[in-house]
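Taking it in order: structure first as structure tokens, then the write-up.
When reading the values below, keep in mind they use all heavy atoms of this one structure, side chains included, and skip hydrogens, waters and symmetry mates. Throughout, protein chains are lettered first and strands after them, A, B, ... in sequence-line order, and every chain is numbered starting at 1.
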Amino acid sequence: MGTADVVLPASRVVPPWRASLTVAARRLEDVWAQIRRSRTAMVGLGILVFFALMATFAPLLAPYGPMERTPNCNALGQLCPPSNEHPLGTSFNNEDVVSQVIWGSQVSLFVGVVSAAVASVVGTAVGLISGFAGGWIDEVMMRFNDIVLSVPWLVLMIVIAGIVGIIDLWGIIAVIGLTGWSLTARVIRAQVLSVKERMFVERARMVGSSNWHILWRHIFPNAFPLIFANTILTVAISIISEAVLAFLRLSPPSVISWGRVINDAIQGGALINNNAGWLIAPGLCIVFLVFGFYLYGYALDEILNPRLRRR
Amino acid sequence: MGKLLRVAIQRTVNAIITIFGIIVLNYLLVRLMPGNPALSITPRDPRYGDLINYNFRLFGLDRSPGEQFLIYLQRTITLDWGVSYRWNAPVLDILLRDLSWTLLLVGVSTIFTIVIGMVVGSYAAWKRGKPFDFMSTGLSIFLYGMPIFWLGLMLQAAFSPSFRPFSWWPTLPNKFYYDDRLGAWIWDWAHVSSTMLHLILPALTLSLGSLAGISLVMRSSLMDVMTEDFVLTARAKGLTERAVLRRHIFPNGLPPMVSLIALDLAFIIGGAYQVEVIFSYQGIGYRTIAAINDLDYPLLQFIIVIGGAAVVIANLISDFILLKLDPRIRIA
């Protein structure tokens, strides 16, 4: 073997996918260090972990199932007042309200995260394509986006719920996902427009990269932090949307979620029956879960958005 | 100037296209909903079988979808808004009455929201990192995440006769827009004062629910400006803090607020729907939910078109204000 051609040992040759993985991991470590330093992010994360644990261990924490009929505490048809057995009383079929609230965390988290993911994927695709393509494609997509943004969102959700038909959780996810993508698309498009003008995109085009390659390997990675932070904020909005729909009884009949417990409390006359906890507990759960997502999302936005970081 | 005019015309054309899109989408959505309007307003009794068919033809539902769409389009554009299936009254009459109540609610709370939100947001930005900033930002995010319907329920409970922690604690009415024992609306003091009293809780709910959006963006937009170099320059050349705020920070921080407020209008209207349902406040939102249940096509179609068009027009106006306010847009 001549001296001219040095052969690297096989272990030193790093395939490109592993190189980019290492870079991503290092970036992630860097972000995690900043998250640990941010008090806002840690408080938000703490709240999220609390609810995640609640949802995971609901079968152990909740004394009863969400729709399980507990033994009557008085004549049929009357609601039990708060007692040691049922700290928040019981609902219409003698279901334990505390258990319903604990099980409700599963529904809120699942619907919130999955429908935000749907909305984010759709919104990101629309934002990326319309920002990158420009021209008439951009025009058509943005006009459609304007239309969806302008129609009152609650009406849009109720009408689409009527069309899709809510028979299970996927129906709700479809409704929220189909109505929630438009703000994301707008945010992503603005980011794409600014990334598109940077030098490296021009260089990539100079060396003959295809549009697809530029979009996927240069623009998407640069917009990704924003997409991620935005998705977390979208989760918060989705959770509220789910609660509003469930409160209006537009939720699958077999699923107990917090919004529906609040509706039950109103129909069961929680205040008149001296059982205000029935009304307050599920509402506080929604508020704190959403608060956690917002805190975490805003903190992440500040960390990942380089323009804000210089402050 | 020619360029400015061109931008203005382009925006106007876009707004018209968007409104046309809303009209089309609206037709599709409403007609795609399952159910038969003739069936939903007719009693469930075999004796009324002929009435169903009669109504079905009366509403023009036996025509082909394309024909129905053309009729709808022609009527929308000529502002011939038809007769409500459910209420058997001209849609325009119903809408004007409801709209006046919704405008009262949305108007009062929007003004309150904008003024308080901007004051709180700018003060928080000014006192950045101080306790006030921390408290107001935390509270804003907390309120921001609160479902408006639940906030309304809590306020109702807090001022209901069954919850009075102190003897001086007020109770506030939480249903309808004025005391329904007063009879039909006339302009006298009893009606006006009753309306004002009935407006407190719904307007407070709507304001608290949308306050946070304004104050948070105001804060971040002012803070963006405060880190700019020209603010440092202004301070360095010895301007007072007030002058820096008035001459340099506000003129540069306000333009984003204008477009935000216009965009926020869509969310405030969405919130107003929830508030109206909670408080049985019989405005547009209350009517919409009822109209969806009744499949009242004429009513529903125009409610959605009006709501959408209002948002589009508000955005267009904010675009024009921005063109006037922000020199950068004028040049670019």
Inset, instruction - Could you look at B:I292 and say if it's the side chain, the backbone, both or neither that has a heavy atom under 4.5 Å from chain A? - result: side chain

Inset, instruction - Nearest 0.5 Å please: distance from the CD1 atom of B:I17 over to the CZ atom of A:F144. - result: 14.5 Å

Inset, instruction - Kindly check if the number of other-residue, nucleotide or ligand heavy atoms within 6.0 Å of CZ (A:F51) is above 12? - result: yes

Inset, instruction - Residue by residue, scan residues 153-161 of chain A and write down, ordered by number, those that have a heavy-atom distance under 4.5 Å to chain B; if none do, write 'none'. - result: A:W153, A:L154, A:V155, A:L156, A:I158, A:V159, A:I160

Inset, instruction - Name the region of A:F293, side chain, backbone, both or neither, that has any atom closer than 4.5 Å to a heavy atom of chain B. - result: neither

Inset, instruction - From the options B:V312, B:V311, B:T18, B:I19, select the one residue that forms a side chain to side chain contact (heavy atoms under 4.5 Å, CB included) with A:D146. - result: B:T18

Legend entry - Region of B:L300 that comes under 4.5 Å of a non-hydrogen atom in chain A: neither

Legend entry - Worked verdict on A:R39 versus B:F134 for side chain to side chain contact (heavy atoms under 4.5 Å, CB included): CA-CA 12 Å; A:R39 203 189 308 160; B:F134 192 72; 4.0 Å; yes

Inset, instruction - Heavy atoms only, distances under 4.5 angstrom: which of A:I237, A:I280, A:I239, A:V164 has the most pairs with chain B? Name it, please. - result: A:I280

Inset, instruction - Report, by ascending residue number, the residues of residues 173-187 of chain A in heavy-atom contact with chain B at a distance under 4.5 Å; give 'none' if the set is empty. - result: A:L183, A:R186

Inset, instruction - Find the distance between CD1 (A:I266) and CG (B:L153) and round it off to the nearest 0.5 Å. - result: 4.0 Å

Legend entry - Side chain / backbone / both / neither for A:A243 at chain B, heavy atoms under 4.5 Å: both

Legend entry - Backbone N/O of A:L279 and side chain of B:W150: donor-acceptor pair under 3.5 Å: yes

Inset, instruction - Using non-hydrogen atoms and a 4.5 Å limit, figure out which bit of B:L25 sits close to chain A: side chain, backbone, both or neither. - result: side chain

Inset, instruction - Would you mind reporting whether B:F149 and A:L248 have side-chain heavy atoms less than 4.5 Å apart? - result: no

Legend entry - Side-chain heavy-atom pair B:N14, A:M142 within 4.5 angstrom cut-off: no

Inset, instruction - Would you give the length of the straight line joining atom CD1 of A:I163 to atom CG of B:L32, rounded to the nearest 0.5 angstrom? - result: 4.5 Å

Inset, instruction - Kindly write out the residues that satisfy side-chain hydrogen bond (donor to acceptor under 3.5 Å, both in side chains) with B:S160, not counting sequence neighbours, or none if the list is empty. - result: B:S162

Legend entry - Atom of A:P152, atom of B:G308 and distance for their closest heavy-atom approach: CD-N, 4.0 Å

Legend entry - Side chain proximity check, A:V151 to B:N26, heavy atoms < 4.5 angstrom: no

Inset, instruction - With the side chain counted from C-beta on, respond yes when A:V244 and B:Y273 share a heavy-atom pair under 4.5 Å apart, and no when they do not. - result: no

Inset, instruction - Examine whether an atom of B:I268 lies under 4.5 Å from a heavy atom of chain A, and if so say whether it belongs to the side chain, the backbone or both; otherwise answer neither. - result: neither

Legend entry - Part of B:M154 within contact of chain A (heavy atom distance under 4.5 Å): side chain

Legend entry - Region of A:I240 that comes under 4.5 Å of a non-hydrogen atom in chain B: side chain

Legend entry - Within residues 138-145 of chain B, residues adjacent to chain A where the heavy-atom gap is under 4.5 Å: B:G138, B:I141, B:F142, B:Y144, B:G145

Inset, instruction - Answer with side chain, backbone, both or neither: which region of A:V287 has an atom nearer than 4.5 Å to a non-hydrogen atom of chain B? - result: both

